[in-house]
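Heads up, the thing below is written out as structure tokens.
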Amino acid sequence: MSNQKDTAAAEVARLDSAGAAHEFTVKDGTVGPSVIDISSLYAKTGQFTYDPGFTSTASCESKITYIDGDEGILLYRGYPIGQLAEKSSFLETAFLLLNGELPSKPEFEEFEHAITHHTMVHEQLHDFFSGFRRDAHPMAIMCGVVGALSAFYHDSTDVNDPHQRLVAGRRLIAKMPTIAAMAFKYSLGQPFIYPNNDLDYTANFLNMCFSVPASNDAVSPTLARAMDKIFILHADHEQNASTSTVRLASSSGANPFACIAAGIACLWGPAHGGANEAALNMLSEIGDVSRIPEYVKKAKDKNDPFRLMGFGHRVYKNYDPRARVMQETCHEVLAELGIKGDPLLDVAMELERIALSDEYFIEKKLYPNIDFYSGITLKAMGFPTTMFTALFALARTVGWVAQWHEMIEDPSQRIGRPRQLYTGYDHRDYVGLDKR
Ligand code: SDX
């Protein structure tokens, strides 16, 4: 295949295949790689492309998030993640991701009022929890309870109605903190704490997690700010596995609550959003800086399935810009909590130093990703490791909803239906049992 920029027409890519020469249009984005539109490939050649894991495949056109993996750049609607983490709030960032622009004051007030007044869940949803064991993984609960929202909110499941899409998206963003906090409280055997409309989005979430009827300690503004930053960092990330899951599920017209539940299920995997829990468990298993070389050796051993959790990324081949902010936030939280030295942080910092100077990791371009430091921070804030991915899902719901809106409104989008390279049996006839 060759690319040529014809002076008159748009750039085309030429492919000699199936005994003929074929041309395909090349489309340029605002920034980043251009794409070769191969949607007519099968009709022209009778052949499919083959790209397991979609490493070289753009599944859609999007205006929401841009990642440059080589430069370590992450932009939400053009704004660098570091600026948003420092200067914005999670709810303002949510408005930006959903609508494409930072809100005016009146726009933000309307949005915040709407979200705040949708934070309660149907009272009967409380009954769902009693069916789970107390030691159920919060992500198992989130999958079940979020999927069940479609049984309660029939008035916002028609994906072809723009108003119902707006309401469903806001309900999901508003209720995820409540459901996540309920999953946490249920695991503790403590009563659920209702949302408090006098608190902002993130302070309300921390209050629902850590307040108890017997005492009403105020939420630390520093911890609320740190949590808010962590939510901003996790809000969206282009066409990652769970976002692609939400898009594919939604492409059939399924209701948004069920599709977000599918995204939660995908995020749970340790190679994806489950890495923050896995990374902290790995740091605990390593336990001491003296044991780091042993684990680095395992990570480099092709015959050992062990991976350094929190390291590497399908797209980032440079430092994950979110990991830097996460590391800073980690130190802020430890300082606020008066935690002088955290042995896990010592292990993490030394592991990062060793890994970044090791030939294997340099050659394979493996850097810490967002999950490497988030676990230490969340543990210091009082969350058990099993809650880490639930917090990731809470924040990523904004990105999933924004990408869902974009997909539904994209006229070129149709039901997703990949094909395959078939290497099984060709036609053969049935043989009766007595002849086998
Ligand atoms: C998230 O996609 C997203 O945007 C995801 C995410 C988001 O915000 O949505 O950013 C969130 O999921 C972050 C990633 C969290 N996962 C982990 O931290 C788990 C540990 N990381 C690995 O499992 C791995 O790095 C992946 C799954 C993240 C990426 O897998 P790839 O694409 O197969 O990695 P690669 O092709 O870049 O690997 C290159 C080489 C391979 O070796 P070779 O086959 O070339 O010999 O590096 C090796 C890999 O085996 N490798 C590792 C490694 N990660 C990759 N070796 C040791 N330790 C690791 N962590």
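Note that ligands are numbered from 1 as they come in the structure, with each ligand's atoms numbered from 1 the same way. Numbers for residues simply follow the sequence, beginning at 1. Being a predicted model, the structure only gives us computed values, none of them experimental.
- For a heavy-atom separation below 4.0 Å, the residues in contact with ligand 1 are H237, N240, P270, A271, H272, A275, A299, K302, R307, L308, M309, G310, F311, G312, H313, R314, K317, R322, Y360, K364, L366, N369, D371, F392, R396.
- In Y422, the OH atom is crowded: over 12 heavy atoms of neighbouring residues, nucleotides or ligands sit closer than 6.0 Å.
- By the side chain to side chain donor-acceptor pair (under 3.5 Å) test, E350 is found to be paired with R353, residues two or more places apart in sequence or in another chain being considered.
- Ring pair H237/H313 is perpendicular by interplanar angle, where above 60° counts as perpendicular and below 30° as parallel.
- Looking at Q47 and S17, their side chains do bring a donor and an acceptor atom within 3.5 Å of each other.
- The side chain to side chain contact (heavy atoms under 4.5 Å, CB included) check on S39 picks up D37, with sequence neighbours excluded.
- Here T385 pairs with nothing under the side chain to side chain donor-acceptor pair (under 3.5 Å) rule; sequence neighbours left out.
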